[in-house]
Asker: 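Pasting a structure below so you can have a look.
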Amino acid sequence: MSEHHQTDYFMSRRTFLKGVAVTGGSTAALVASSGKVLHALEQISGLPDPRSDNKEKIVTTCCRPNCHGGCRLNVHVRGGKIVKTSPASFPDKRYDRICLRGYSHPQYVYSPNRLKYPMKRVGNRGEGKWKRISWDEARDTIVSELNKIKEKHGSQALAFAGVSGSLSTLDSGSWGIYQRLFNSLKGTIVDGTLDWALIYGMMRVTGNIPMNDATDYVNAKTLIVIGANITEAQIHHWHFVADAMEGGTRLIVIDPRFTATAAKADQWIPIRPGSDAALIMGMIQVILEAGLQDKRYLHDHTVGPFLVREDTGKFLRLSHLSSEADQKGLYDSAMATKPTTGTTSPVDPAMVWDTTANHAVPLTAGVQAALEGNYTVAGIKVTTAFSLLKAAVADFTPKQVSALTDIPAETISALATTYATQTPASIYTMMGIDHYDNAHMTGHAMATLGAVTGNLGKHGASLWPAYYLNEHLDWIGYLYPDGLMGTLIPTADLRDATVKGKLGEKPFPVKALVVSMSNLFENAADQNMWLKEVVPGLEFIVTCELQMSTTARYSDIILPVTHWFETTDIQQAQSHPYIMHGPAVIDPLFEAKSNFEIVKMLAPGLGVGKYFDYTTDQMLDIAISKKFTAATGFTLDEIKKQGVVNPHPGEPFINIGKDGVFPTPSGRVEFYCEAPKPRIPWSGDVNFNPRIEHLPRFWPPLETWPEHSRSKQYPFSLHQEHTRWRVHTQWGDVPWLRELDPEPTVNINPKAADDRGILSGDYVEVYNDRGLCVVKAVLNEAVPYHFLTLPKGWQKHQFKSGAYQELTHQKLNPASVNQSFFDVSVNVRKWEGV
Amino acid sequence: MANKRLVMLIDVKRCIGCNTCALACKVENNLPDGIWWNRALTRGGKERDTPAGVYPHLALGYLTFACQHCENPPCVKACPVKATYKREEDGVVIQDYNRCIGCRYCMIACPYTGVRQFNQKKPEYQLAFAVGGGGVPVHQEYTVEKCMYCAHRLAEGKEPMCIAGCPARARHFGDQKDPDSNVSKLLRRRSHFQLRPELGTNPSVYFLT
């Protein structure tokens with residue numbers, strides 16, 4: 001491959017897109033593409049027309065992106081070519097599905113944009129000049145460069161970044177073979193730093209996300225969707241919601257945008273972007289004010305009755321009582337059974353106020369504890385956690401919350417009453433409300449809301465559609481061989497480590513970066529930071545990719561990786577409980593190798609060959625947890641034999657809280673978080689203040705808030721909308737999909753457009769102080785005046801100018817350590833360029 | 001008298017306009033670049049996926065749009081060479097590329113503008129090999145083509161490709177003349193409409209509401 005290839009690719013793509021002028025919505029003749037045929041693939045010319053060969057081979061495998069779908073697919077092969085896909089059956093047919101992207105796999109597999117062989121950069125980074133090299137040369141170069149850097153700067157100088165480009169067992173950007181490699185090297189692993197705020201906020205309250213399987217929505221009387229556009233971004237879940245609605249479930253959608261999901265709902269509640277935590281806190285306030293809380297649940301299953309010390313903010317514990325007399329006899333009852341393990345051991349129990357005896361005691365069976373009140377115990381001023389919660393939400397009256405959310409006060413009251421009384425009630429949330437500086441408080445408040453109303457751990461009552469996270473994995477033995485462990489750092493720290501060579505004051509140079517299953521320089525926030533600071537700060541960049549991504553373009557060596565249908569792996573894919581064996585369907589195209597083969601090839605030269613000297617099956621066997629096998633009986637052989645196995649047969653799966661016990665230190669819902677910690681240790685820890693993290697709190701987003709002075713200059717909130725056309729940047733160059741969705745767009749309110757002289761179809765410049773992005777305007781009443789949505793997943797080379805990720809920033813909240821992709825304000829104007 | 005009346009039901013309460021059915025059709029029938037027999041249309045604003053109304057008083061819906069396989073198809077009457085004809089045995093309106101002379105009278109006669117597509121040029125493809133189902137007729141230059149309810153699949157006793165893959169479970173297919181068929185039951189139970197019923201074409205595509 002050469003520069004010539006690159007040029008041709010752009011030419012043909014542009015010409016192709018120009019020819020495709022498909023009009024949406026109208027019934028006018030569907031316009032034919034005059035697109036010229038992209039490169040015929042070298043290796044397929046001269047083959048017989050598969051049509052004439054009716055001998056079809058069907059291989060059942062699975063699709064492995066991060067749409068959460070994890071669809072089981074039949075891949076149809078004729079004449080050695082993948083000619084189509086179709087939905088394959090699960091034992092429980094309710095999970096059978098496919099989507100438009102799933103159908104488009106033939107063009108994805110045989111894309112002319114596939115990387116064909118290893119290449120090394122011959123021009124400047126990003127210039128697009130490449131020279132084909134052999135795998136041997138690629139291996140020798142990478143090994144020698146990495147070893148050189150390690151010797152000079154230390155093992156932490158070697159970093160790996162991977163996210164969700166594949167989410168299987170070996171082939172996983174987040175918990176796969178590269179984590180094993182970089183842990184064994186004691187290198188650096190770049191944390192995704194995304195999609196964590198909401199989850200982190202919930203987890204510190206309930207220990208894990210309270211989630212039920214999607215088949216459980218039929219059991220909900222009320223279903224509130226907030227931060228999710230199911231009909232676009234979780235197509236695989238829509239029919240479960242539709243089934244529930246047919247069964248009488250009331251669907252309420254809270255979204256700034258009138259999505260198709262909102263259009264299907266019984267009620268749509270528009271909300272100001274970034275104000276979600278205020279709404280949830282307002283719902284709690286309404287419920288407490290009206291006395292609609294589940295008092296029994298609060299007493300039995302939450303830290304509500306725990307006494308909190310005014311001086312330290314910690315729970316009052318038995319050992320805090322200074323006098324022997326105070327303590328006398330109480331330790332006997334403090335032999336506690338740890339709910340999660342069932343073991344009995346002496347603990348230092350948290351104290352509650354016994355309403356019968358009128359003094360503080362450890363909370364044991366039979367004690368009637370006060371849910372509310374201030375007390376003084378052994379001279380220490382204490383208040384119940386529930387009273388503190390009540391105080392924390394006291395100001396969030398419907399009227400106040402209305403001013404923050406733009407939702408009418410009566411709507412807030414009615415919503416809260418519905419959630420508390422039309423039960424069981426579920427919330428379906430996703431990442432639409434995650435990407436804000438204050439988003440972990442939304443999660444914290446939401447888990448609290450569930451607990452206050454007892455809408456947790458029951459059929460029809462959950463906060464999230466069950467997300468099955470490779471339950472078969474041996475997270476320790478597989479990812480940390482011999483206990484070897486690298487250092488996990490967030491994206492913002494990767495910048496400091498490359499640019500400054502230190503994290504805070506601690507020297508921590510990172511000089512080499514290996515990327516796989518991530519399009520880091522396109523999907524991470526603040527693209528200019530990556531391309532102008534991090535890239536120049538790195539001595540060596542290797543990208544393992546299917547296609548010529550933005551990240552690959554800025555690398556020194558690129559290695560061609562196999563498509564999922566060319567790689568055997570095992571995965572439990574997020575939105576359904578099945579663990580699937582996904583066999584390879586065809587041989588790798590061109591010189592592509594699987595990620596496992598690549599790691600296996602590099603490891604010996606890096607001195608860690610022994611951890612990878614296995615066949616695929618042997619490696620999978622190591623990756624499968626022995627505990628899991630003992631609990632379920634599912635071995636690798638069994639999974640292969642059955643194709644799919646379900647560790648949760650029977651009733652719809654409930655993740656936590658079914659027995660009223662939660663995986664928290666106290667076994668209860670800790671809406672008062674006693675010892676909050678940042679999600680991961682990082683250089684921003686110095687800014688972490690635990691005292692503001694105990695209870696739900698609301699502060700406005702960093703940028704997208706009308707009262708901020710920044711809003712004068714940049715009055716629009718910008719959302720990167722997940723559409724059906726791509727999964728992040730995957731499927732971005734599939735011609736069938738591009739015929740229907742040819743180029744980057746932005747949705748703008750017609751009045752806002754009119755005020756700026758913007759017409760439908762005009763190219764507009766979306767800009768702020770960090771960068772710009774030129775896209776086509778779609779005038780869309782679905783978005784309010786000061787709100788733009790920009791469908792995500794286009795890459796830098798697909799824009800007329802700039803890229804939307806130039807507009808975002810790396811300001812990470814010290815607690816959630818998460819990229820706030822949507823906490824971004826911009827302005828928009830007609831583009832003057834051509 | 002036809003033996004069967006094969007009908008397609010699209011539940012617009014469930015349809016989310018995702019175009020999965022459009023892709024299923026595109027791949028299964030190895031449709032040339034730019035040719036779509038089936039597409040999701042927005043019921044709302046002027047542009048795709050935009051609602052009608054003014055924020056926040058809005059309405060948005062979808063339906064999918066392909067050949068209506070009319071009981072009284074105007075295209076059949078307009079075709080001078082019998083390239084388009086209705087099968088007596090099941091009511092499916094077929095397009096025979098070998099007979100078609102590309103006069104496009106059928107496209108003018110059809111009141112459902114857009115469901116018939118014309119190959120002005122030699123069909124072009126991004127891939128150098130044919131995809132989709134075996135037995136799909138070869139697309140030809142200067143011919144009209146359209147949805148044939150996947151006649152090649154019907155011949156094997158299978159449903160059209162767009163039915164089973166619908167992730168919304170919004171599509172149904174069957175014989176309306178069989179009172180016990182799923183489609184007959186649904187048509188009895190659910191309110192429904194046809195496109196432009198005033199024309200008397202009596203489409204075999206029904207939209208459940």
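The chains referred to below are lettered A, B, ... by the order of the sequence lines, with proteins before strands, and numbering in each begins at 1. Below, each value reflects all heavy atoms present in this structure, side chains not excepted, and no hydrogens, waters or symmetry copies.
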Asker: Check each atom of B:N119 against the heavy atoms of chain A and say whether the ones under 4.5 Å are side chain, backbone, both or neither.
Answerer: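 For B:N119, no heavy atom lies under 4.5 Å from chain A.
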Asker: Relative to the ring of A:Y95, is the ring of A:H576 parallel (under 30°), tilted (30 to 60°) or perpendicular (over 60°)?
Answerer: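 Rings of A:H576 and A:Y95: tilted, as their planes differ by 30° to 60°.
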Asker: What part of A:T259 gets closer than 4.5 Å to chain B, counting heavy atoms only: side chain, backbone, both or neither?
Answerer: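 Just its backbone gets close to chain B.
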Asker: Is the ring centre of A:W731 less than 6.0 Å from the ring centre of A:H105?
Answerer: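 A:W731 vs A:H105: aromatic centres under 6.0 Å.
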Asker: Under 4.5 Å, counting heavy-atom pairs only, tell me which of A:K751, A:R101, A:R724 racks up the most with chain B.
Answerer: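 Looking at each of A:K751, A:R101, A:R724 in turn, A:R724 comes out on top.
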Asker: Among B:A22, B:P167, B:A52, which residue forms the greatest number of heavy-atom pairs with chain A at distances under 4.5 Å?
Answerer: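 The answer is B:P167.
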Asker: Report the option among A:R97, A:H76, A:H236, A:Q107 that has the most heavy-atom pairs separated by less than 4.5 Å from atoms of chain B.
Answerer: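 The residue among A:R97, A:H76, A:H236, A:Q107 with the greatest pair count is A:Q107.
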Asker: Taking side chain as everything from C-beta outward and backbone as N, CA, C, O, which of these in B:A59 sits under 4.5 Å from a heavy atom of chain A? Side chain, backbone, both or neither.
Answerer: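 For B:A59, the backbone is the part near chain A, not the side chain.
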Asker: Who wins among B:K13, B:Q120, B:K26 for the most heavy-atom pairs under 4.5 Å with chain A?
Answerer: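 Option with the top pair count is B:K26.
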Asker: Relative to chain A, which segment of B:E28 carries a heavy atom at a distance below 4.5 Å: side chain, backbone, both, or neither?
Answerer: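 Side chain of B:E28 only, per the 4.5 Å heavy-atom cut-off to chain A.
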Asker: Tell me, side chain or backbone of A:L737 under 4.5 Å from chain B's heavy atoms, or both, or neither?
Answerer: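 For A:L737, the contact with chain B is made by the side chain alone.
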Asker: Between B:W36 and B:Q117, is the side chain to side chain donor-acceptor pair (under 3.5 Å) condition met? List the steps.
Answerer: CA-CA 7 Å; B:W36 294 84; B:Q117 305 263 296; over 6 Å; no
Asker: Taking C-beta and beyond as the side chain, do A:L779 and B:T50 meet within less than 4.5 Å on heavy atoms?
Answerer: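 They are not in contact (no side-chain heavy atoms under 4.5 Å apart), so the answer is no.
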Asker: At a 4.5 Å cut-off on heavy atoms, which part of A:V241 comes close to chain B: side chain, backbone, both, or neither?
Answerer: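 Interface part for A:V241: neither.
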Asker: With a 4.5 angstrom heavy-atom cut-off, could you sort out which part of A:N747 is near chain B: side chain, backbone, both or neither?
Answerer: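 For A:N747, there is no contact with chain B at all, as no heavy atom is under 4.5 Å.
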Asker: State plainly whether the residues A:D243 and A:R94 are in salt-bridge range, i.e. N to O under 4.0 Å.
Answerer: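 Salt bridge flag = no for A:R94 with A:D243.
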Asker: Counting only non-hydrogen atoms closer than 4.5 Å, does A:T85 touch chain B with its backbone (N, CA, C, O), its side chain (CB onward), both, or neither?
Answerer: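 Contact with chain B involves the backbone of A:T85 alone.
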Asker: Does some side-chain heavy atom of A:P784 sit less than 4.5 Å from a side-chain heavy atom of A:F258?
Answerer: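 A:F258 vs A:P784: side chains apart.
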Asker: Among side-chain atoms of B:S181 and B:D175, is any donor-acceptor pair under 3.5 angstrom?
Answerer: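 B:S181 vs B:D175: no donor-acceptor pair found between side chains.
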Asker: Are B:Y142 and B:R104 linked by a side-chain donor-acceptor pair shorter than 3.5 Å?
Answerer: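 Indeed, the side chains of B:Y142 and B:R104 share at least one donor-acceptor pair under 3.5 Å.
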